[in-house]
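Contents: one structure, followed by commentary.
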Amino acid sequence: MIDKLFVPQLLEVELGFQGLGARYPRRPRTDGGDKHESRMFGHCRTAHTRFALGKASITDVVYRQVCRSLDQLRDSTAAGTAVAARYDLLIRLYNLHHPGPSVSLLHIPANTFARRPGAHMDSPGHDPSA
């Protein structure tokens with residue numbers, strides 16, 4: 001469900017925050033912050049931190065799966081899909097609009113999450129879903 005429904009819709013919302021489309025043309029900010037900030041990236045970073053601290057919530061579990069899904073979009077077998085193209089477009093638009101340094105991903109690689117909340121970090125290349 002997350003791979004097929006949630007992630008594609010999440011990417012569309014995020015693209016709206018970058019000014020693409022009519023549904024979410026921009027996100028108003030009352031705090032003077034970056035109106036093009038990626039909430040998805042922020043949620044992924046928060047989930048990564050909370051897993052490491054052993055304090056993951058259900059939302060953090062969902063965003064870890066989002067990160068797994070986005071990792072799969074970077075895989076060569078998924079690279080030509082429409083969803084992968086939308087993710088690539090999101091990264092390009094984010095880098096165009098965001099005042100900070102350019103990024104190559106707008107998620108945290110899933111293999112860097114703690115296997116379980118509070119567990120030590122997985123080794124590179126380890127599949128955290130195992």
Side-chain angles (χ1 to χ4, degrees):
M1 181 158 109
I2 289 175
D3 295 346
K4 301 292 182 193
L5 299 174
F6 185 73
V7 169
Q9 288 303 308
L10 180 61
L11 293 175
E12 293 307 312
V13 170
E14 287 283 325
L15 284 164
F17 294 158
Q18 301 306 320
L20 187 67
R23 188 169 181 191
Y24 301 100
R26 66 181 179 276
R27 180 181 51 233
R29 297 291 297 250
T30 58
D31 61 358
D34 174 19
K35 67 181 180 182
H36 297 292
E37 174 189 16
S38 173
R39 295 291 303 268
M40 177 182 72
F41 195 23
H43 287 306
C44 292
R45 285 191 304 257
T46 298
H48 186 266
T49 299
R50 288 181 180 160
F51 263 87
L53 296 173
K55 298 181 180 194
S57 68
I58 188 67
T59 302
D60 300 322
V61 172
V62 168
Y63 273 91
R64 180 179 63 173
Q65 183 58 43
V66 167
C67 291
R68 287 180 185 157
S69 297
L70 295 172
D71 281 345
Q72 291 171 2
L73 293 178
R74 309 312 285 172
D75 184 18
S76 61
T77 58
T81 66
V83 178
R86 298 302 275 177
Y87 184 48
D88 290 340
L89 176 60
L90 174 61
I91 293 168
R92 284 193 309 275
L93 290 173
Y94 175 84
N95 285 330
L96 179 68
H97 295 125
H98 189 66
S102 292
V103 298
S104 59
L105 300 173
L106 282 172
H107 74 282
I108 305 297
N111 67 353
T112 66
F113 277 75
R115 185 177 178 118
R116 297 176 309 283
H120 293 291
M121 299 305 227
D122 292 335
S123 60
H126 176 74
D127 180 2
S129 62

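The residues of the chain are indexed from 1 along the displayed sequence.
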task: Give me the ring orientation class for Y94 and F41: parallel if the planes are under 30° apart, tilted from 30 to 60°, perpendicular past 60°.
output: perpendicular

message: Nearest 0.5 Å, please: how far is CG in L15 from CG in L10?
response: 9.5 Å

- prompt: Under a 4.5 Å cut-off applied to non-hydrogen side-chain atoms, are L11 and V7 in contact?
  reply: yes

- prompt: Hey, does L70 have a side-chain heavy atom less than 4.5 Å from the side chain of L105?
  reply: no

task: Drop me the distance from R68's CZ to R64's CZ, to the nearest 0.5 angstrom.
output: 4.0 Å

Atom pair NE2 (H107) and OH (Y63), whose distance is rounded to the nearest 0.5 Å: 13.5 Å

- prompt: Which pair of heavy atoms, one from S69 and one from I2, lies closest together, and at what distance?
  reply: OG-CG2, 4.2 Å

- prompt: Do D60 side-chain atoms and R50 backbone N/O form a donor-acceptor pair below 3.5 Å?
  reply: no

task: Give the minimum heavy-atom separation between F113 and A47, together with the two atoms involved.
output: CE2-C, 3.6 Å

query: Any side-chain heavy atom of M40 within less than 4.5 Å of one from L90?
result: yes

- prompt: Among side-chain atoms of T112 and H48, is any donor-acceptor pair under 3.5 angstrom?
  reply: yes

- request: Output the distance between atom CZ (R45) and atom SG (C67), rounded to the nearest 0.5 Å.
  value: 10.5 Å

Distance in Å, I108 CD1 paired with T49 OG1, rounded so as to fall on 0.5 Å steps: 8.0 Å

task: Could you check if a side-chain atom of D88 sits within less than 4.5 angstrom of a side-chain atom of R74, using non-hydrogen atoms only?
output: yes

message: With heavy-atom distances below 4.5 Å as the criterion, would you say the side chains of Q65 and D3 are in contact?
response: yes

task: Flag the pair V83 / Y87 as yes when at least one side-chain heavy-atom distance between them is below 4.5 Å, and no otherwise.
output: no

Closest heavy-atom pair and its distance - I91, V103: CG2-O, 3.6 Å

- request: Mind checking the OG-CG spacing from S38 to L93? Nearest 0.5 Å is all I need.
  value: 12.0 Å

query: Is R86 close to P8 at the side-chain level, that is, under 4.5 Å between some pair of heavy atoms?
result: no

